[in-house]
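Shown next, in structure tokens, is the structure this report addresses.
Note that these values count all heavy atoms, side chains included, but never hydrogens, waters or copies made by symmetry. Whatever order the structure lists them in is the order used to number ligands and atoms, beginning at 1. Small disclaimer: the values here were computed from a predicted structure and weren't measured.
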Amino acid sequence: MALEPPAGDERSLLMTFVLKPLPYGKTALSPTISATTMELHYEKHHRGYVEKLNKLTAGTAMSLLPLERVVETAWGDPNSAGIFNNAAQVWNHDFFWQSMSPTGGVRSIDRLAGRIDTAFGSYGAFERKFVESAVAQFGSGWIWLVADAGQLKIMTTGDALTPIVLGLRPLVTCDLWEHAYYLDYQSDREKYVRAFLARLVNWEFAVEQMAMGEARQPERAPV
Ligand code: MN
């Protein structure tokens, strides 16, 4: 289908949702995640979800909502499955990039170490459960550390599903779609997830997410 490039106001309507800039350069996570993977993952996959979401919502009420509200509104509506999948994938990728840092990994866990020990027994037990869960996720999806009413839990979701529609607060995530690791680790998802935990996971970001969730708690409407 040939589309004329939009002009003037039409362009701004089509560009409602934006590809957020990466929080670091494309070589910053190398060699754990190569620049080639970053280039393809961000410029093709992530950008593709943004562009598709803009197409699907152009001229509709959805295009006026913040991304998180689009995800929540489209969730569970069979007529909005395409919008949900693309909006949730945009949200998940924004969150994934922030879940990593060139100075992340186990060395940066200090401020969460106590909470991890409380929830899982030890860092080693947490790592085992995180890796096992990631490997057990069938097909494409995501692995998350979430706060469920203040309790830390590991969970996986399939395809685009995101914990924000399940009433859970994500703290960090790792992308389990093959496009996230195949060039660097081929079919070895376990090695990729172990490297993510060892060298990339941004525990400072997790602490910030948890603090935001706890600050928000009193504002929740009574059920
Ligand atoms: Mn991805």
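- Residues satisfying the side chain to side chain donor-acceptor pair (under 3.5 Å) test with Ser108, not counting sequence neighbours, are none.
- Tyr49 and Leu40 end up in different hydrophobic clusters when Ile, Leu, Val, Met, Phe, Trp and Tyr side chains are linked at under 4.5 Å.
- A salt bridge links Arg69 with Glu72: the distance from a Lys NZ or Arg NE/NH1/NH2 to an Asp or Glu carboxylate oxygen falls below 4.0 Å.
- For the residue pair His45 and Trp177, no side-chain donor N or O sits within less than 3.5 Å of a side-chain acceptor on the partner.
- For a distance threshold of 2.8 Å, the protein N, O or S atoms nearer than that to the Mn ion (ligand 1), listed by chain and number, are His41 NE2, His93 NE2, Asp175 OD2, His179 NE2.
- For the pair Arg194 and Glu190, the salt-bridge criterion is met [side-chain N within less than 4.0 Å of a carboxylate O].
- His93 contributes a side-chain N or O that, together with a main-chain N or O of Gln89, makes up a donor-acceptor pair within less than 3.5 Å.
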